[in-house]
Structure formats: C-alpha cells, structure tokens
**Q** 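Could you have a look at this structure, given as structure tokens, before my questions?
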Amino acid sequence: MSDEKENNRGVFLEIEEKWQERWESSGIFRTEIDDKREKFYCLEMFPYPSSKLHMGHLRNYSIGDALARFKRMQGFNVLYPMGYDAFGLPAENAAMKHGIKPHKWTFDNIKTIKGQQKRMGLSYDWGREVITCREDYYKWNQWIFLKLLEKGLVYKKEAPVNWCPKCRTVLANEQVHEGKCWRCSSPIEEKKLSQWFIKITAYADELLEDLKKLKDWPERVKVMQENWIGKSSGVEINFPVKGKKENIRIFTTRPDTIYGVTFMVLSPEHPLALSLTTDERKDEVKRFIEKVKKETTKERTEGKEKEGVFTGAYAINPLTNEDIPIFIANFVLYSYGTGAVMAVPAHDSRDFDFAKKYGIGIKQVIYPEESKGELKEAFEGEGTLKNSGEFTGMKSSEAINKIIDRIESMGIGKRAVHYKLRDWLISRQRYWGTPIPVVYCDKCGIVPVKEEELPVKLPEDVNFSEGGNPLETSSLFISTKCPVCGGDARRETDTMDTFFDSSWYFLRYCSPTEEAGPFRKDDVNYWMPVDQYIGGIEHAVMHLLYARFFTKALRDLGMLNFDEPFTKLLTQGMVVKDGAKMSKSLGNVVDPDEIINVYGADTARMFILFTASPEKELEWSDRGVKGMFRFLRRVYSLFKGYSETHSCLETHLNKNPGFNESYIVSRTNLAIKRVTDFISGSRFNLAIGEIMAFTGEIGNFVNEENKAEGAVCYALRNLALLLAPFAPHLAEEAWSIMGNDAFISTAEWPEYKEELVNEKVMFKREMVRNLVEDINKVVELSGIKKPEKIRIIIADEWKRRVARAIRGMELSKKNMHVIMKKALKENVEPEAAARLVQKYIKDPSRLHKIILSSDEEGETIKENLQGKFERDKVELVIEKEGESGEKKAAGSLPGKPAIIIEGGGKN
RNA sequence: GCGGGGGUGCCGGAGUGGUCAAACGGGACAGGCUUAGGACCUGUUGGCUUAGUGCCUCCGAGGGUUCGAAUCCCUUCCCCCGCACCA
C-alpha cells in the first residue's frame, strides 16, 4: 500500500542525498581554465535572494543544469556558476518592517536558497560564487563607475525623472512599465531632480546594429530591443515664424509629405509655446499648458483624445511659402525629436484626427496606385507625389531624398537620426545598493573618490524608519574630506541601480577572487562570451540591454575584446497553474520544496523539462508530476532488476551481433542520435520523450525470451548516460548499480555509431523514406516512362522485426505502398512522373535487390539497370513463374525490402 | 494601431511536403495481478466496418500550389505577448 509508495520515495530521497554529498566532497564540478579543451559557458540569470525559490527558478536551473551536464559529458570545459543579485529594495523593506538589517536578511535568504539549489543537485562550481552586496564585488562597481565617469559616459544632470512614491526612489525609463514601477506597480510620478545618468545613448546605434549579430537570440527579444532603441532617420527642418525672427525646428521622417503640411504643433513644454502666442490668445494657451502639465505622462497618453489650442501665430512652409497655423497640443512629446512637428493630416493618422476635430484643412499630396476618392483616413503608405511643385510625379522614396537635399542646400535643415532610447538613470535614493563614489566639495565641486580609497562602504549607523534615503541619516558616512583639496566635503548619498551590478556579474564569475581589478583579462577572454544564457523574458529590455551596453563600454575601455556578451539566449516561459501565473493572492502556488521533498529532485526536474518546450508557458499538473515519478521508478527497477541477475560492468558487443542483439543496439543508437540532437537544439521535452520511448523498448526487449545480455547491458548503459543530464542522481545510482566506480557525471557522452545500426531493424520512418527513394531510383534507371504499377512486398520476417521496433504495431502493406499508389494508379503524365522521380532520388545505395517480372519487359529493365548501381549488392532477379510476391520476397530475404516492379508503361 | 508568436485528438504537447489517424505524457475505458487498491503490468482510446484488412472524416475557417499538405501560398476568424500618440 502506501508503504511501498513511501518506501520508493524514500529510496529516491536517499539516493539524491547520497550523490549530492559525493559530488560535493569530490569536487568534480570545479572548473579551471584548460586551453586544450573547448570551453562552454552556461549561465542562468542569477536570482534575487528573496525568501525562497519559486517554480520559475526551478525551471531556469533545470534547463541550465541539463545543458551544463550534457556539455560536460561531451568533453567541453564547462563554466557553470551561480551567484546572487543581492542588493535591492526588499531587503530594506524588511529592515523597516521587521527591524532586520538588510545584510542579515539578505544572507539568511541566500543560505536558504543555496540549500534549495543544492537539493536540486545542480552542478555549479560553487567556488565561483558572486554576491553583489559584498564589498569585494561592489568595490568594482564603484571602480567601473569611475572609469565610465572618466571616459565621459557618466554625467549628472537635472532632468524630469520617474519617481516611484512607494519605493521612494527614481527609476530608469526601462523600469517603468505602462506608467508603473516595474517592481511594485505603483503609478510613477514625474519629478525634476539632479541625477546620475549613464550615456547609453552613445551606443544606441551599435546596440541596434549588433542585434543582427545575435543569430541565436529569440526574435521577440531582438524586436523588443529594436523598438526600445527606436531609431528613426529623417530630417530636421526650420520653419520660420511669420513676422518674427524665431524658427521652429521640427523633425520628420516623411519630408516627402511637406507639401501637404496644413498646420504645425508644438508640445506644451516647448520654449516657444507661449512666447509666440498672440496677445489675445495668451490666456487660453496658458490655461491649456497648465492643464496639460499637471497631468502625468501616463494620463496624457492614456486618454488618447487629442486636444490642442491655436496660438494665433503662423509659420511659413519653407518650400511653399504658405502660412501655417501653429497649435499647441497634448499629443506632441517634448522629449522626442525637437518637440515640434509639421502636421500632415492627409498622411498621418494623428494629424488627421486633430485636423478633423479642429476643422483644419487636409491636403493630399501622396497618391497610392489606386486612388480612392476623398480620404476617409490618413494614407500613411508610400506612393506618388502630386501638388508638390518640382517634386510632383516622384515616388515617395525618391522624393524623400530629393527634398532633404533641397532643404540642406537651402541651409534650413539637415539629415538627422533620433532615438527613443534615453540615457540610463542609475541614481537611487536608497540604502541597500552600491554607494556612488563621488564627493561634493564646496570648493572643488563634484569630485570622484580616489581609486585606492575604494570601496566606499555602506555605513551601519543608519535609520530606516524616517522615510527618506537611510544613507542621509548616517553622519559618519556623509561627512568626509575632499580628495582634491582636503577640505570638508559631503558624500553622495545616492546608490546605484542594482541593474548596474547585474550588468557585468558574468565577467566576475571568470575571476571571482581577483583583487587587482574587476576581473582578469585572460580569464575573461578564455571564458567569454557566454555560450548559453537562460532567463526570463522580463529582462528583454532591462538587464539584457544594460549588459550589452556594459560589454561595449568595457571593450572601449580596453578591458574586453568582444562585442556581445551572450551568444545564445533562451528565454524560458512562465510556470502557470490553472491558466494563471502562480501567485500567493490566487493561492495557486506550488512550492518547489514540497515537490522535491515528496518526489525528489529528479522527478521535479524531469517533469518541468518534459512538460513544455523551454520557451513556452508551462502548465503545472500534479498528475504529470506523478507520471514522471512513475517513469523514474520504472527506470530504477529496470536497472535494479536486471543487475540482480546480470553483471553489466563489461559490455561485450559482438562485432556481428545476432538479430536480437542488433535490434536493441540499433534502437539504442537511434536514441543516442535523437537525444543528442534534441538537447543540442534546446528541445529538452523531446529528448525526455525519446528517453521514455527508448526505456519502454528496453523493457519490452528484456521481457522477451531470447534476449541477448551484451546488448541489454549496452542499452542500459546508454540509457543511464542519456538520462544523466536530466535525472543525474538516478543516473549515478544506475551507473553504480551496474558496477561502475567513476561518476556518470564525468563519463563520456555516448556517440551515435551509424555502423551499429542494422538497417534490418531501422524504423518505419527511415524505412519508408528510403523505400520511396529506392522506388524512384528504380523507376528512373529502368527506363520506364510511365509505370503502371509498383508493388512493394515485405517479407514476413522483416516485417515482424520492424513491427516490433515500432512497438507491437503491425506494419501493413497498405502503409508501404500507399505512398505511391495515388501517383501511379491513374494516368500520370510522364512529366509528373519524371518530376516525382527527380524529387526523391538521392542515394540509391540502400537498394538491395530488385525483382523483375519474367516477361520481356523485365528483361529489358534488367538490361537497362545492369551496371547502373555501383554497389554490387543490388541484385537483379527475374521473377520465377508461379511464385507470389510475398513468398518470393520472403524466400530471398535480403534484410531489406525487396522491390518488385510489375509491368511498366511502354512509350 | 504597429510588431512578435500561436490555433493539432478528452487534456498537455510533438510533428514543418510523402514513416500521419498523428511522438511522448496525462486522463478515460477494458483486462491481468491482487484481500483490496489511488500501486504495478497489458491492451484500447476519430468514425464505420472487418479484425489478415478496407473505407470515411480530421490538424481554427475558406480557397490555391502539388502526383501528394497538419506541414508551402493567399484570404479570413480567433487567442496570447510586447510597444503604445516616437512625428
């Protein structure tokens, strides 16, 4: 009863504990540089140490560990490290709520999480652990900051910034999602503050261009980054204001529409907004600007209703000299382009809406191929220009360049590129982060801390309850001496965005204990770039963009010699239950610990990898977990049971195995091939599916009477090896049950040996495909122009082997010849037949024997075919009279299907 | 709106031109083993027929290409995810 069940589970838990201890004490997962071996850097996004791991982590690590183990067995020198992204607000919140010091809270959590990771049996090199809140790490954060400052990539500026009232700190643009804080979802407010920025925009173009190099990144991540960088090329043009000396500079990507401009719009923040407004309209315009400024960016963009007000002033279209009314409106953003646009309602839907609402004229100047009368909506496509002076008749693409040329030669504008990407705001008004290493001196201004004085340490004497930045409560921290003049000075109290920490941690893993710098160049050049990076999609534009930027910036500081940090990226899907993301409020959380404690880590890992392909959402299913447990238990008893009566230490495979042997040997090799290919393609779910099918077949085979020991051992050995990346504990146990002394974790990954695959027992898939090829080769070579009938006869013995190979499914003759049936039964045109033949002829070498009819036709074919096959193993046999096809095929069984051609059209 | 990804059997999920009525798992049904079983083993699991097989229907919907399509092309409907007034 449940005793047995519990016992089984107990055995598994025991096994896991045993092997985890052995792995640890033997140190087999330690990694060193080895120039003789190819390296493989397998990396998971390091976790934030909140109280516990969740299923997403379990999934992340199951993927990474399977891959790391696989590569290790394949002989790669694998770097597979783990660390903790340990700075961050939750630690501070804990301090405020429960009075626990952030440091203690963080390290307690790390301890818990590390325990969980160890219980998963992950093959990390723990000697390389990186914890970002440790001085030996954040010292280098500060060092890098100073280098960037020196290089001009860091600056301080007063600017409107995103303020999260709940976290009481500012945020980078990337960290505002739909107007809300990425972490706590509070609505963001806008504040004008003096803050530290990193000039990521200096790399906008390269960050965009190099996306093309990232062949092994998911398309959607690249698209998200592309959109975020938001490059657009166009032209900036000055529109003179009528009766004044000012110009309004606009940016447009569609200068070809300039003859269609009917009004102009400034954003409410535009410096000219009020000054060019006529006196009689000043009050109204003022009121409007005030109103819009009060709204947050979110409110302004959410309502979608376009609102504006006429300034009474006019601009002059420099190409047409027409007067153009100037409006102020809420839909023009000051932060993008020049904060002013030329409005072409005929060819821009926003301008169209606005023109309709305020009764402004619409002037069409671009016409599509088929003109459709009056415009019901803006036509935003390309077309032919009309009513455009000398440019009339040109295509949009041509006109764009010609008009820009004209504008440049007139000296009223120039080509320009604008980006949506903004500089990265890294100041945080929080305690639990890396202090920004600068000092404010009344005499000397902003002064960087001297390199030898790093790190600027976080003080202990802070008060978390007062609401502001806790660092400001530490007088010991704040008051300091100016590094330049030695006078009294004040420390910067802002700390760095924790995304700064995570932008280079993967480099630190290469030299985790280096004291002379953030990393050693040699180490990094050996290990980097990361070959496989695995993590959640939520970092598509935050972490992944910053890390790419860091790589480029450090490269330009002469510290790296590559451009991109992550060669291959896998974004895992979420783990959901009952169709919804696991969350405490929904009560659908499954605790990884619970699963591991009940079923063991192997079951949890296998289930999570098998149930969905890695990038897809994974629907949690308790039944599925049980199913996986059942499977592993079956595997265990298979090994256990067989080893009770047989010794599998040595596998003696005959060079010429008997049929029974060769069946399971072939099947084993097929499994090796498939599993290897699946893992290489990150298709872990399919790899496990194949292992399951293979296991089933071994089971069937073992139960048969005339099993061959050597072959069974061979199959079992390989099964254990294939299982090792996924269920490492069980695989180790099986390995040792079979009498091996060494770890399976460091054993060699099995190699697919084609020569061990006996074609007699190849699968239906290969068989039929080859048959089709063979048939067509025969058709071609025989000179038959219009075959009427082809029969494929499969001898019984052969059929039986195949049938067993596909697990009891009888292979019918129907399946074999149905492929050709339709093509050949009706009057197929010779050309069609020829095409067919052409399409499938690849390699006739598999053909073994062709049986021809005994009539004249057969003789002719035989003559035609004679000598056409390079290998003499193709036997041409003339059918004996009175023999049925089946009998014939059976009687002369060559180990391959015989093909019998009957008849063959003349002409 | 723009961009990305999808719609497959009771369910999850494979399958990208011919092994396909469709891998693997779950569930369901039947049988075996058992005192019993939620444990294990075997079989069945689109329909109709025969049970050696044959036929029909099927991979969101509708067309098309092809000797042949779940797979390629077009149209259309629906779902998910990102960005969202970026000029």
**Q** Pick base, sugar-phosphate or nothing for A:Ser621, based on heavy-atom distances below 4.0 Å to the nucleic acid.
**A**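 It contacts nothing in the nucleic acid.
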**Q** So what does A:Ser349 touch, heavy atoms closer than 4.0 Å: a base, only the sugar-phosphate, or nothing?
**A**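 Since no nucleic acid heavy atom lies under 4.0 Å of A:Ser349, the category is nothing.
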**Q** When the C1' atoms of B:U65 and B:C79 are compared, how many Å lie between them, rounded to an integer?
**A**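 So the two C1' atoms sit 29 Å from each other.
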**Q** Quick one: closest heavy-atom pair of A:Tyr419 and A:Tyr336, and the distance?
**A**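 Looks like O-CE1, 3.7 Å.
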**Q** With salt bridge (charged side-chain N to carboxylate O under 4.0 Å, His left out) as the rule and sequence neighbours excluded, what pairs involving residues 606-616 of chain A come up?
**A**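 Those involving residues 606-616 of chain A do not exist here.
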**Q** Taking the C1' atom of each, how far is B:U49 from B:G38, in whole Å?
**A**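 Comparing C1' positions in B:U49 and B:G38 gives a spacing of 38 Å.
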**Q** What residues, two or more places apart in sequence or in another chain, satisfy side-chain contact (heavy atoms from CB on, under 4.5 Å) together with A:Met542?
**A**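 Partners of A:Met542 by the side-chain contact (heavy atoms from CB on, under 4.5 Å) criterion, ordered by chain and then number, come out as A:Glu174, A:Gln175, A:His177, A:Trp182, A:Phe499, A:His539, A:Tyr546.
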**Q** A:Lys222 near the nucleic acid: base, sugar-phosphate alone, or nothing, with a heavy-atom cut-off under 4.0 Å?
**A**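 If one applies the 4.0 Å heavy-atom cut-off, A:Lys222 turns out to touch nothing in the nucleic acid.
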**Q** According to the Watson-Crick and G-U wobble definitions, with both distances under 3.5 Å, which nucleotide is paired to B:G62?
**A**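 Base partner found: B:C74.
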**Q** Scan every strand shown for a Watson-Crick or G-U wobble partner of B:G31, both distances under 3.5 Å, and answer none if you come up empty.
**A**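 Pair assignment: B:G31 / B:C41.
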**Q** Is the distance from OP1 or OP2 of B:A39 to the nearest side-chain N or O of A:Arg633 less than 4.0 Å?
**A**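 No.
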**Q** With respect to the phosphate group of B:A23, does any side-chain polar atom (N or O) of A:Arg674 fall under 4.0 Å of OP1 or OP2?
**A**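 Looking at the OP1 and OP2 atoms of B:A23, neither is under 4.0 Å from any side-chain N or O of A:Arg674.
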**Q** Could you tell me whether the side chain of A:Ile672 reaches within less than 4.5 Å of the side chain of A:Leu670, counting heavy atoms only?
**A**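 No - every pair of side-chain heavy atoms lies 4.5 Å or more apart.
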